[in-house]
2 protein chains.
Amino acid sequence: MLTIKEIAEMAKVSRSTVSRVLNDSGYVSEEARRRVLAVIEETGYMPSQHAKALRTKKTKVIGVILPKISTETSGRVVNGINEVLQDQGYQILLTATNLDYQKEIEYLRLLKSRQVDGIILIATTVNAELVAEIHQLNKPFVAIGQDIPKASSVTFDDYHAAKEMTNYLIRKGYKNIAFIGVDESDPAVGIHRKQGFMSAMQDAKLTIHKEWMGQANFTIPSGFEAMKRIIRNSPENLRPDAVFAVTDRIAVGAMQYLKKAGFTVPQEMAVAGIGAADISKYIDPALTTIDFENERAGREAAVILLEKIESHKEQQKKVVLNYRVIEGDSV
Amino acid sequence: MLTIKEIAEMAKVSRSTVSRVLNDSGYVSEEARRRVLAVIEETGYMPSQHAKALRTKKTKVIGVILPKISTETSGRVVNGINEVLQDQGYQILLTATNLDYQKEIEYLRLLKSRQVDGIILIATTVNAELVAEIHQLNKPFVAIGQDIPKASSVTFDDYHAAKEMTNYLIRKGYKNIAFIGVDESDPAVGIHRKQGFMSAMQDAKLTIHKEWMGQANFTIPSGFEAMKRIIRNSPENLRPDAVFAVTDRIAVGAMQYLKKAGFTVPQEMAVAGIGAADISKYIDPALTTIDFENERAGREAAVILLEKIESHKEQQKKVVLNYRVIEGDSV
DNA sequence: TCTCTATGTGGAATCGATACCACAAGAGTT
DNA sequence: AACTCTTGTGGTATCGATTCCACATAGAGA
């Protein structure tokens with residue numbers, strides 16, 4: 001690997017001059033600049049980013065912590081982040097927790113020791129330990145997906161989205177609506193979406209049957225099983241006529257069960273989800289769902305982070321993104 | 001940010017001793033070790049990875065170059081890579097070319113200047129310039145998806161997979177098989193899969209009609225259009241009875257068109273793909289396809305890369321992964 | 001002629017780690 | 001008593017960049 005010293009010798013100037021050419025700083029004669037650039041061109045020299053980082057405290061690297069790498073949502077969000085960062089010459093250092101909550105904290109520390117310029121956390125859970133770690137991080141930070149107290153975040157309007165979808169079902173004439181949620185350790189999906197559903201039901205003075213409140217865990221098979229339990233637990237004369245699942249994959253699983261059990265969708269049972277997963281467009285009938293603009297969330301988070309990095313402002317920014325109902329044929 | 005010097009002062013030892021504790025090297029008395037660990041624990045000190053990298057020339061970071069971040073295949077491969085690397089304490093520095101071939105070269109150089117310990121390239125294309133850059137990289141390197149001359153690679157057996165799928169169609173009694181391929185700038189998908197198809201057809205002495213050879217570009221809509229063209233261009237008495245698409249998304253698009261145009265799948269027209277995309281299981285009828293174990297490809301590549309990093313061997317390793325036909329209901 | 005300023009260049013300290021080397025102290029050997 | 005050997009510690013050079021400061025030169029203005 002070539003170093004600045006060798007370039008300096010080859011161009012017959014000092015290291016300082018090479019550095020000045022590299023960074024367009026201070027005075028450099030045309031003649032010296034020409035010679036240095038020629039040597040750089042010819043040798044393909046690239047300055048060591050580590051030496052640079054050590055001296056300047058800037059790395060042009062952003063740490064991203066994901067729950068899981070290969071999910072559709074993660075992919076879209078990272079894509080959005082990358083779109084913005086790439087243009088500004090930043091790179092992404094990727095870590096995945098695989099839903100191990102202890103690792104979120106471990107990676108926050110690790111990224112700090114790698115001196116990343118900022119950190120974006122795609123959060124699935126919120127707990128006191130995590131919040132404490134974020135506050136003592138002392139580095140530009142943005143969370144996506146969950147609202148972290150006293151930290152910048154880009155979140156989705158889970159409550160109103162769920163409420164709107166429930167109202168949509170109600171407007172379409174469904175009165176007996178089942179619900180499939182997830183564990184409350186994920187506040188955005190587990191609590192807010194459920195509250196949106198409950199609120200819409202109460203506003204419409206519809207009863208919420210305990211037997212119709214299912215729970216799943218983000219996977220298609222778990223949606224299948226949850227739907228099965230709901231059907232099994234409801235007597236013939238007390239069957240729901242619609243089901244609202246808090247994610248598309250759960251909804252797809254529910255639909256799979258319904259088809260298998262001989263229900264026609266949406267005539268005998270309507271199905272709605274949230275998330276606008278790719279798959280939802282291509283199943284039959286196409287799923288009625290809500291699009292959350294994941295890429296935009298990534299872009300917004302990246303923009304906020306860059307602002308923080310460049311301006312050193314400590315102020316926290318909260319962005320709540322909009323949603324859009326996508327009408328399929330499942331309702 | 002704390003430095004080793006401050007830790008040394010607080011623990012009343014020299015920087016050398018702190019370093020020895022940190023790296024478990026040389027002699028350190030129990031007493032000194034205890035004091036140092038206590039200070040580290042109490043302060044939450046983490047050594048600067050940049051200073052360390054500058055000195056030791058090891059960064060524990062692997063550069064990964066992807067065509068696109070948010071595709072299902074990329075996600076799975078990166079997941080596999082991460083699984084292996086994470087256990088060994090390595091991080092992933094992610095870059096995406098967004099199919100700009102010039103950027104593949106640019107990122108190879110950039111990652112080199114970031115002094116990553118190794119590079120994994122998920123390749124979509126092979127050209128002389130790229131190959132030259134890889135050879136002069138002089139760093140542990142593994143390609144996934146395409147065979148790069150004189151470089152290690154993990155590839156899929158595209159030729160035999162396509163041949164096997166074609167034979168499967170033939171065994172099922174289909175004789176008039178259409179084909180939807182992609183551009184040849186992607187040798188694995190564009191050339192090898194096509195050759196597999198042609199070879200199986202020739203072995204079975206079946207004729208390959210020009211009108212039945214379509215082309216698409218990896219997207220669902222392009223599969224839709226390609227299928228439309230094939231149907232439009234074939235006279236009523238010369239219609240294919242099956243179509244083999246080189247990727248699942250293309251196959252899904254083709255199936256969409258067929259449904260819309262009133263063909264029943266598979267009775268009037270069978271459809272087969274390659275790739276075992278998630279979506280293929282849930283469309284109706286479920287797609288008959290070939291699973292390529294993308295995660296395994298990522299894992300294998302990571303293992304080969306780590307071997308290279310740790311052993312300094314220059315030897316190139318070529319791994320060709322197996323495949324598995326997944327029988328759906330579309331054939 | 002003598003400052004004064006603008007331009008240009010190199011020397012040297014610095015960032016935060018590692019690692020080699022010198023040296024000290026105590027135990028064991030001859 | 002002189003010696004090796006083991007254990008333990010600190011000093012210092014080093015990695016490859018940036019950046020401040022000192023200094024040189026040349027032309028402008030007094």
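Just so we're on the same page: letters track the sequence lines, and every chain starts at 1.
Atom NE2 of A:His50 and atom P of C:dT18 are 14 Å apart (whole Å). The separation between A:Gln49 atom CD and D:dA17 atom C1' is 10 Å, rounded to whole Å. Distance, A:Glu9 CD to C:dG10 P: 12 Å, rounded to whole Å. If you take CZ of A:Arg34 and P of C:dT9, they are 12 Å apart, rounded to a whole angstrom. Between B:Arg15 atom CZ and C:dT14 atom C1' the separation is 12 Å, expressed in whole Å. Separating the CE atom of B:Met46 from the P atom of C:dG16 is a distance of 16 Å, rounded to the nearest angstrom. Between B:Asp24 atom CG and C:dT18 atom C1' there is a gap of 15 Å when expressed in whole angstrom units. The separation between B:Ile40 atom CD1 and C:dA17 atom P is 10 Å, rounded to whole Å.
Looking at which nucleotide of DNA chain D each of A:Arg20 and A:Lys5 is closest to, the 5′-most match is held by A:Lys5. Between A:Tyr45 and B:Glu30, the residue anchored closer to the 5' end of DNA chain D is B:Glu30, taking for each the nucleotide with the nearest heavy atom.
Within the 4.0 Å cut-off from OP1 or OP2 of C:dG10, not a single side-chain nitrogen or oxygen of A:Tyr27 is found. B:Ser25 has no side-chain polar atom (N or O) that falls below the 4.0 Å cut-off from OP1 or OP2 of C:dT18. Contact between the side-chain N/O atoms of B:Ser14 and the OP1/OP2 oxygens of D:dG10 is found at a separation under 4.0 Å. Contact annotation: B:Ser16 does not reach the phosphate of C:dA19 (side-chain N/O to OP1 or OP2, under 4.0 Å). Checking the phosphate oxygens (OP1, OP2) of C:dG16, a side-chain nitrogen or oxygen of A:Lys57 falls inside 4.0 Å. Phosphate contact (OP1/OP2 of C:dA19, side-chain N/O of B:Thr56, threshold under 4.0 Å): absent.
With hydrogens and angles ignored, no donor-acceptor pair under 3.5 angstrom links the side chain of A:Arg33 to the base of C:dG8. At a cut-off of 3.5 angstrom, counting only N and O atoms as typed in the model, there is no donor on one side facing an acceptor on the other between the side-chain of B:Arg55 and the base of D:dG16.
Relative to the side chain of A:Val28, the nucleotides D:dT19, C:dT9, D:dT12 differ in distance, and C:dT9 lies closest. Closest approach to the A:Thr3 side chain among D:dT12, C:dG16, D:dA17 is made by D:dA17 (side chain taken as heavy atoms from C-beta onward). Distances were taken from every side-chain heavy atom of B:Leu22 (C-beta onward) to each of C:dT18, D:dA17, D:dG8; the shortest belongs to C:dT18. In this structure, the nucleotide among C:dA17, C:dT9, D:dG16 sitting nearest to the side chain of A:Leu54 is D:dG16. Closest approach to the A:Ala32 side chain among C:dG11, C:dA17, C:dT9 is made by C:dT9 (side chain taken as heavy atoms from C-beta onward).
Donor-acceptor pairing under 3.5 Å is lacking for the side chains of A:Thr73 and A:Asn294. Residues A:Gln86 and B:Tyr107 have side chains that bring a donor and an acceptor to within less than 3.5 angstrom of each other. With hydrogens and angles left out, the side-chain atoms of A:Ser25 and A:Asn23 include no donor and acceptor closer than 3.5 Å.
The CD1 atom of A:Ile81 sits 12.0 Å away from the CD atom of A:Glu300 when rounded to the nearest 0.5 Å.
At a threshold of 4.0 Å, the pair B:Arg35-B:Glu31 counts as salt-bridged, since one of the basic side-chain nitrogens sits closer than that to a carboxylate oxygen.
Tested against B:Ser152, the residues B:Glu307, B:Lys318, B:Lys308 include a single side-chain hydrogen bond (donor to acceptor under 3.5 Å, both in side chains) partner, B:Lys308.
Residue A:Val18 is out of contact with every strand shown, counting any heavy-atom pair closer than 4.0 Å. Looking at heavy-atom distances under 4.0 Å, A:Ser48 makes contact with sugar-phosphate atoms alone, never a base.
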